[in-house]
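Model, not experiment: these values are computed from the prediction. Values below: all heavy atoms of this structure, side chains included; hydrogens, waters and symmetry mates excluded.
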Amino acid sequence: MATTVSFTVESPRGRPRTVSVAYERSGSGEPLLLLHGIGHHRQAWEPVVSILAVERDVIAIDLPGFGASPGLPDDLGYDLKAMVPLLGTFCEAIGVDRPHVAGNSLGGLLALGLGREKLARSVTALSPAGFWTDPERRYAFGTLRAMRLAAESMPLPLIERLSRSAAGRTALTSTIYARPGRRSPEAAVSETLALRGATGFHRTLASGRDARFTDDVPGLPVTIAWGGHDRLLLRRQGIRAKHTVPGARLVRLPGCGHVPMNDDPALVARVILDTSR
């Protein structure tokens with residue numbers, strides 16, 4: 001069951017604004033913050049949470065405008081510059097100081113931003129955004145828009161019917177999973193509805209047009225991991241990420257797609273735990 005915390009941040013105009021974030025917390029140990037990608041929700045991490053919670057105080061959140069978290073006020077931005085301090089304030093609001101952070105896609109970019117600002121103890125970035133060329137970004141954004149339109153166009157009975165077979169789950173989720181048949185019917189329905197209902201989708205996508213991660217993240221452990229079958233952010237972007245963050249460990253995730261947590265939970269959990277030792 002999700003908990004919601006509300007806190008205040010300043011808008012660019014200097015006005016206080018209230019932001020609410022839904023999250024789930026489990027386990028014990030050093031804190032570990034989990035950040036999902038655009039159009040997804042905290043449940044993307046469900047395949048690995050029980051493994052991580054044996055050794056970590058796991059905090060999986062719905063980013064603003066996704067899952068159960070409401071969208072941001074109009075004068076707050078979804079860009080990296082705005083979201084990193086917002087996430088830092090969220091951590092303060094729940095009493096967490098410099099968590100380990102693992103993020104996927106958009107969440108990976110945010111995780112690296114938190115590490116750069118010394119708001120994280122370690123960073124694990126799974127297929128992080130921000131290391132693309134312009135054509136690669138346009139391809140990824142076009143694919144995401146097509147996924148959103150497909151989710152919006154399908155009536156719920158059709159989504160539920162497709163979810164009941166491996167072939168149907170492949171039709172729903174093969175863009176992000178290398179092994180979509182492993183996703184449960186309930187999860188396939190839930191994440192399709194999450195994509196359809198994400199109030200922050202378009203503003204997040206618009207803010208990402210100029211998103212590039214160009215800085216090093218010195219002074220803390222960083223792992224950048226890429227699925228060998230990532231169809232959204234192509235794996236060659238991992239080489240660019242390694243050049244940008246030369247101290248990072250670059251890990252390949254064989255047999256995994258863009259959202260690798262469901263494709264190989266044991267491998268992904270091991271990569272995160274190894275980084276956060």
Q: Taking all heavy atoms of L126 and all of N104, pick out the closest pair and write down the distance.
A: O-ND2, 3.0 Å

(Q) Counting C-beta onward and ignoring hydrogens, is there a side-chain heavy-atom pair between P31 and R121 closer than 4.5 Å? (A) yes

Q.
If I compare all heavy atoms of P260 with all of V268, which pair ends up nearest, and what's the gap?
A. O-CG2, 3.5 Å

Q | T8: partners by side chain to side chain contact (heavy atoms under 4.5 Å, CB included), with sequence neighbours left out | A | P16, T18

Q) Should I59 and L32 count as side-chain neighbours, where that means a heavy-atom distance under 4.5 Å? A) no

Q.
To the closest 0.5 Å, what do you measure between CG (L232) and CH2 (W132)?
A. 8.5 Å

Q. Does any donor atom in the side chain of S105 or H258 lie under 3.5 Å from an acceptor atom in the other side chain?
A. yes

(Q) Could you check whether any side-chain N or O of R56 sits under 3.5 Å from a backbone N or O of G27, counting only pairs where one atom can act as donor and the other as acceptor? (A) no

Q: Please name all residues satisfying ring-ring contact (aromatic ring centres under 6.0 Å, His included) with F66, sequence neighbours left out, ordered by chain then number.
A: H36

**Q.** Non-neighbouring partners of T204 that pass side chain to side chain donor-acceptor pair (under 3.5 Å), sequence neighbours left out
**A.** none

Q) Which is it for N262 and I176 under the side-chain contact (heavy atoms from CB on, under 4.5 Å) test, yes or no, and what are the steps along the way? A) CA-CA 10 Å; N262 189 75; I176 58 174; over 6 Å; no

Q. Excluding sequence neighbours, so at least two apart, what forms salt bridge (Lys or Arg N to Asp or Glu O under 4.0 Å) with R277?
A. E55, D274

(Q) Do L205 and Y78 make a side-chain contact, defined as non-hydrogen atoms from C-beta onward lying under 4.5 Å apart? (A) no

Q) Hey, does the side chain of T173 reach the backbone of T170 with a donor-acceptor pair shorter than 3.5 angstrom? A) no

(Q) Under a 3.5 Å distance rule, please check whether R169 uses its side chain to pair with a backbone N or O of R183 as donor and acceptor. (A) yes

Would you give me the side-chain donor-acceptor pairs under 3.5 Å for residues 42-54, sequence neighbours excluded?
| residue | atom | partner | partner atom | Å |
| --- | --- | --- | --- | --- |
| R42 | NE | E24 | OE2 | 2.8 |
| R42 | NH1 | D62 | OD2 | 2.4 |
| Q43 | OE1 | H41 | ND1 | 2.9 |

**Q.** Partners meeting side chain to side chain contact (heavy atoms under 4.5 Å, CB included) with S11 (sequence neighbours left out)
**A.** R13, R15, R17, D75, L76

**Q.** Shortest non-hydrogen separation from L112 to P128 and the atoms involved
**A.** CD1-CB, 4.1 Å

Q) Of all residues at least two apart in sequence or in a different chain, which pass the side chain to side chain contact (heavy atoms under 4.5 Å, CB included) check with R179? A) R182, D263, D264

Extract all donor-acceptor atom pairs below 3.5 Å that involve side chains of residues 157-165 and protein atoms in other chains or at least two apart in sequence.
| residue | atom | partner | partner atom | Å |
| --- | --- | --- | --- | --- |
| S163 | OG | E160 | O | 2.7 |
| S165 | OG | G168 | N | 2.9 |

Q | Residue pairs fulfilling salt bridge (charged side-chain N to carboxylate O under 4.0 Å, His left out) with at least one residue in residues 215-225, sequence neighbours excluded | A | R116-D215

**Q.** Considering all heavy atoms, the nearest G29-D57 contact
**A.** O-CB, 3.4 Å

Q | Distance, nearest 0.5 Å, that separates NE2 of H202 from OG of S207 | A | 13.0 Å

Can you give each donor-acceptor pair under 3.5 Å made by side-chain atoms of residues 81-96, sequence neighbours left out, with the distance rounded to 0.1 Å?
| residue | atom | partner | partner atom | Å |
| --- | --- | --- | --- | --- |
| T89 | OG1 | P85 | O | 3.0 |

Q) What distance separates L109 CG from L114 CG, expressed to the nearest 0.5 Å? A) 10.0 Å

Q) Does the pair T275 and R249 meet the rule for a side-chain hydrogen bond (donor to acceptor under 3.5 Å, both in side chains), with working shown? A) CA-CA 9 Å; T275 307; R249 178 179 63 138; 3.1 Å; yes

Q. Checking S153 side chain against L149 main chain: does a donor-acceptor pair fall under 3.5 Å?
A. yes

Q: Tell me, please, which residues at least two apart from D134 pass side chain to side chain contact (heavy atoms under 4.5 Å, CB included).
A: R137, R138, R212

Q: Give every residue pair that meets the salt bridge (charged side-chain N to carboxylate O under 4.0 Å, His left out) criterion with at least one member in residues 222-241, sequence neighbours excluded.
A: E136-R236, E136-R240

